Structures are given as C-alpha cells and as structure tokens.
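Encoded as structure tokens, the structure appears first; notes follow it.
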Protein chains: 2
Amino acid sequence: MKCEPWTEHAEARLAAAGHKRGGARRAVLELLEHQSCALTALEIEDALRVAGAGRSVSRASVYRILDQLEQVGLVQRVETGQAMVRYERVSEHHHHHHLVCDECGLVMPFSDAALERAIDELSAHVPLQVSEHEIVLHGACSDCRGE
Amino acid sequence: MKCEPWTEHAEARLAAAGHKRGGARRAVLELLEHQSCALTALEIEDALRVAGAGRSVSRASVYRILDQLEQVGLVQRVETGQAMVRYERVSEHHHHHHLVCDECGLVMPFSDAALERAIDELSAHVPLQVSEHEIVLHGACSDCRGE
DNA sequence: TTCCGTGCAAATCTTTTGCACGGTC
DNA sequence: GACCGTGCAAAAGATTTGCACGGAA
C-alpha cells in the first residue's frame, strides 16, 4: 500500500490521460490530498485563497478542474441534499459514505462492510450495470441533538 | 392497507398542519399520486400544463408546494446527480431507492430488504440520530449498454 | 374580514461558457 | 510554435423571493 503521494499519482494519471500540467490544478490536488471529507467548490476556492496553502484559484477553474478530475476518476461528487455539490478525492483503500446533519450541515464519513456486501449482492440482480453507488444518511448530529 | 386516496390523506394532513386548501396544490397532489417514480419540478409543471390532467400551476408555486409537502413529510427529495432535484410522494408501504442511468438519465426505483437491514443495523452505531437515508446506484441501463 | 395560496416578474445563487493571455510540451 | 490551462466577466439554468390579488376559513 503506497504512502500518500496522491498528488503525484494524480498528476501521473492526468498526464497519461493527455492533460498538461498547471499551477491551479496542482494547488487543488494538494488541497484535496489532505482532506478527510468532501468539500464544495466554494470551500475549495476559499481554502486556497485564505491559507498560504498554495495559491488562489479562480472559481471557474475550480469547477473546470473538479470536472476534469471526476472524469478521470480521481475525484467523486457527493450529493448531500444541501445547496451545493461536494467533491472528494477517490481513495482505493478507503471507500466510504456520508452522514449529513440536517441542522448544522456537518458532513462526516463512515464505512460499513455489511452495507457494501448488501450493495454488491444487490447490484448483480438489478436492471442496470452498476458502476458506482452513493449512500447518504440524514439526521441530527450529537451537537445539534443534545447539549 | 388503504387503497389509494393518497391525495385525500395528504390534504387531511396538510389541514392538520394548519394549511388552507388551494387549487394549485391539489393539482400537484393528484399528479404525484399516480407517479411511479420521482419527477423534477419542471417535469411536474409541464405535466400539469400539457395534459388536461388538472390545471396549469406556475413554476414558483410548484417549488413552494413541493417544499411544503416535504416539510410535512408527504414528499421526499431525491438527488440523482443530475442537474435538477427530483421529488416523489412518500409511501409507507413501499420504501424504495433509485437506479440512475448516467447515459440517458433514466431513473428507476428498486428496493432490497437486505440493504434496508444493513442500513438499520448500521444506523444504530453511528454518531448521528439517523432519520432518513438515500441510496442511489449509478450505471448504464440495458438500452444504453447493449442494444 | 383576515390570511393564506398563487401567479408573475425580478432576484439569487451555483455552475458554465466565451475570450484572451501565458505556460507547458 | 501549437495548444492547453487559467483568469475574468458574462451567461445560463435552477430555485427563491417580493408583491398584489383572489379564494378559503
């Protein structure tokens, strides 16, 4: 299992797909590499502008880059039922899904082997050649609920 | 198990929640009662305008009505990863999820007991008081795939 | 009579596109 | 040198809001 040169791995795959390199995309990749969960395009733009965490990237570029990364399979969209679409890097080693607090908007990852097994089993018996699946649990997080 | 007076049931619940009746909402309810799967706001607007299936309802009203129905729990949003959000009536007797063909946009319902069991099981062990869950399988439908 | 439901038009907000410039190959 | 990647500004498209009127309670 490789360590964490995900950005490098991503650049390599992009190159293989015939894309030239670029500073904006590099900055987005480096940001995504260190995220634990999905971000919106706006959050990505802000994170890059604020922190010395790289360089600013225009919003249009963020969207173009995310779209490109999604097509190459490096990033996946996450629909949380909130206003904006979220994006996160795809990790072969750690497939997960999402918990969304409908009160405060908090998004957390989770994974469950039994669930994946059920999905795999089911996918074989359905009138669709399943390539991906997305699961979102909605509810109230502990902060919003109690306390 | 009741027959199908869903529209009546819905009107009753809305009344109980303190809402007055209205022709536009009635038309939307009657349309939703007979749908087998989720529709977008635009599809609902078009369906009501074209068919003698009731009466035309302005787009703003369609959105307002759907939002209201969702809050009362009569309708649920379905995020299919397509541009627009979809809505469908909630049915106590037939909980289901969705298959989405990424080629042609076809949306089909499916249900699976093992999957529901896995979700229920898992919901108990997660840092969120789960109230709802949404599952979407993406892939290619038989028409788009083979011929 | 008092409000709520509805239509219409304008506003908002996310995401996309057109165009020009600068960097990569 | 040819093209792609990027920024900026404008466009597009979905959804929301403001306002005024007509119907429900």
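Only a predicted model underlies this, so the values are computations on that prediction, with no experimental measurement involved. Reminder, nothing fancy here: chain letters follow the sequence lines and each chain counts from 1.
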Do the charged groups of B:Arg55 and B:Glu30 touch, with an N to O distance under 4.0 Å? no
Nearest to side-chain heavy atoms of B:Arg64, which nucleotide of D:dT17, D:dT16, D:dG23: D:dT17
Quick one: sort the A:His133 and A:His95 rings into parallel, tilted or perpendicular, breaks at 30° and 60°. perpendicular
Taking the basic N atoms (NZ, or NE/NH1/NH2) and the acidic carboxylate oxygens, is any pair closer than 4.0 Å for A:Arg26 and A:Glu8? yes
Hey, are A:Glu134 and A:His98 close enough side-chain-wise for a donor-acceptor pair under 3.5 Å? no
I'd like a table of donor-acceptor pairs (distance under 3.5 Å, sequence neighbours excluded) in which one partner is a side-chain atom from residues 60-75 of chain B, with atom names and distances.
from    : atom 1 : to      : atom 2 : distance (Å)
B:Ser61 : OG     : B:Ser58 : OG     : 3.2
B:Gln68 : OE1    : B:Arg25 : NH1    : 3.0
B:Gln68 : NE2    : B:His19 : ND1    : 3.3

Within the 4.0 Å heavy-atom criterion, would you say A:Ile65 contacts the bases, only the backbone, or no part of the nucleic acid? sugar-phosphate
With a 4.0 Å limit, can you tell me whether A:His19 has a side-chain N or O closer than that to the phosphate oxygens OP1/OP2 of D:dC4? no
Salt-bridge criterion met for B:Arg13 and B:Glu11 (N-O under 4.0 Å): no
Which salt bridge (Lys or Arg N to Asp or Glu O under 4.0 Å) pairs, counting each pair once, include a residue from residues 34-45 of chain A, with sequence neighbours left out? A:Glu43-A:Arg86, A:Glu45-A:Arg49, A:Glu45-A:Arg59
Measure the angle between the two terminal helix axes of the helix from C:dT1-D:dA25 to C:dC25-D:dG1, five base pairs each, and quote it to 10°. 30°
Along DNA chain C, 5' to 3', what are the outermost nucleotides having an atom less than 4.0 Å from a heavy atom of chain B? C:dC3 to C:dA9
Side-chain atoms of B:Tyr63 come closest, of D:dA24, D:dT16, D:dC4, to D:dT16
Indicate, with a heavy-atom threshold strictly under 4.0 Å, whether B:Ala24 touches base, sugar-phosphate, or nothing. sugar-phosphate
Residues of residues 75-87 of chain A with a heavy atom under 4.0 Å from any atom of DNA chain C, listed by number, are A:Met84, A:Val85
Sequence neighbours left out, what passes side chain to side chain contact (heavy atoms under 4.5 Å, CB included) with A:Glu132? Give chain and number order. B:His138
Testing the basics here: between B:Leu137 and A:Leu128, what is the closest heavy-atom pair and its distance to 0.1 Å? O-CD2, 3.8 Å
If you round to the nearest 0.5 Å, how far is NE2 of B:His96 from OG of B:Ser111? 8.5 Å
Give the intermediate values and the outcome of side-chain contact (heavy atoms from CB on, under 4.5 Å) for residues B:Gln35 and B:Arg89. CA-CA 8 Å; B:Gln35 299 308 310; B:Arg89 79 181 238 223; over 6 Å; no
